[in-house]
Amino acid sequence: MNRHRQLDTLFLDRDGVINVQLVGDYVKRVEELELREDFLMAIPLLRAAFRRFIVVTNQQCIAKGLCTRADVDTVHAHLREQLSAHGLTLDAIYVCPHLAGAGCHCRKPEPGMMEQALTDFPDIDRARSLMVGDSASDMRFGRNAGLPTLFIGKVTDDNRAEIAACADIVFPSLLQFAQTL
Ligand SMILES: [Zn+2]
């Protein structure tokens, strides 16, 4: 990354990047949303580097009937409030509510949420943007969306090949990456 020029848009996966991923469960209520400490610490560094922040999140809990779209919107209103209190304004949050295997065009790694973002923000400079996530699916989404990709988390025997194929940058945490900007 070139530290002398402002970067454009940071595309963020939600669970495991911004908030703590619940093991075997979904964030269905505000009480289940716990922001990650390393993300909060990265905010000033990220704000200095990027001019726009967009969340792209798969929430098949909606299609599974575990929660409603309104529940997810309520969680996101709370998320926006909490992040605002830490100095970060989200420009947009895009949600795929569909089941894995439903064949929709918006569930990552399909690029539908990127197309929506380009409709809403036609001046996005993809080459100067970045997709950050903690799964191979996020990295494939970035590839399909024409974005450079940052994988955060552990590279294991299970994900090594896919991460090597789809991630441009790998860091243990978003904070550690942000400290290089
Ligand atoms: Zn979808």
Side-chain angles (χ1 to χ4, degrees), residues 8-36 39 46 50 52-83 88-127 129-153 158-159 161-163 165-169 174:
D8 193 86
T9 303
L10 183 61
F11 288 86
L12 297 137
D13 174 42
R14 195 193 77 182
D15 303 314
V17 175
I18 298 177
N19 58 282
V20 176
Q21 174 112 47
L22 302 179
V23 177
D25 199 4
Y26 300 90
V27 177
K28 306 173 293 301
R29 288 179 297 277
V30 164
E31 308 84 75
E32 294 168 332
L33 185 75
E34 181 189 349
L35 298 191
R36 287 174 58 106
F39 182 77
L46 297 173
F50 291 91
R52 194 187 276 127
F53 297 87
I54 293 178
V55 174
V56 285
T57 181
N58 289 345
Q59 295 299 330
Q60 64 171 338
C61 50
I62 298 170
K64 287 181 173 179
L66 299 172
C67 59
T68 64
R69 176 61 199 241
D71 294 332
V72 171
D73 289 345
T74 299
V75 167
H76 286 166
H78 180 72
L79 174 66
R80 283 178 179 280
E81 251 174 55
Q82 289 214 304
L83 292 180
L88 183 71
T89 301
L90 296 176
D91 295 274
I93 303 176
Y94 299 114
V95 177
C96 167
H98 305 117
L99 284 178
C104 76
H105 187 58
C106 50
R107 185 177 167 85
K108 293 177 288 182
E110 293 300 314
M113 289 194 280
M114 181 69 204
E115 289 161 16
Q116 203 177 337
L118 284 169
T119 300
D120 295 342
F121 305 94
D123 64 327
I124 288 174
D125 179 351
R126 277 187 269 191
S129 297
L130 186 65
M131 171 66 202
V132 56
D134 66 341
S135 74
S137 158
D138 292 319
M139 300 299 97
R140 291 205 304 278
F141 166 79
R143 279 283 195 274
N144 292 337
L147 297 166
T149 52
L150 164 64
F151 176 81
I152 56 166
D158 287 338
N159 66 16
E162 211 167 2
I163 297 306
C166 296
D168 297 308
I169 316 168
L174 183 52

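Quick note: residue numbers are just sequence positions, from 1. Keep in mind that this is a model prediction, so the values were computed, not measured. Just follow the structure's listing: the first ligand is 1, and inside any ligand the first atom is 1.
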Check the pair Leu35, Leu79 against side chain to side chain contact (heavy atoms under 4.5 Å, CB included), reporting the backbone distance first and the verdict last.
CA-CA 8 Å; Leu35 298 191; Leu79 174 66; 3.5 Å; yes
State which residues pass side chain to side chain contact (heavy atoms under 4.5 Å, CB included) with Gln21; sequence neighbours excluded, sorted by chain then number.
Asp15, Asp134
Considering the options Val55, Leu88, Thr89, which one meets the side-chain contact (heavy atoms from CB on, under 4.5 Å) requirement together with Leu83?
Leu88
Shortest non-hydrogen contact from Tyr26 toward Cys61
CG-CB, 3.4 Å
Leaving waters out, which protein N, O or S atoms fall under 2.8 Å from the Zn ion (ligand 1)?
Cys96 SG, His98 ND1, Cys104 SG, Cys106 SG
Test side chain to side chain donor-acceptor pair (under 3.5 Å) on Thr74 and Asp71; report intermediate values, then the result.
CA-CA 5 Å; Thr74 299; Asp71 294 332; 5.5 Å; no
Please report the C-alpha distance between Arg14 and Ile93 in whole Å, then the side-chain angles of each, then the deciding distance to 0.1 Å, and finally whether the side chain to side chain contact (heavy atoms under 4.5 Å, CB included) criterion is met.
CA-CA 9 Å; Arg14 195 193 77 182; Ile93 303 176; over 6 Å; no
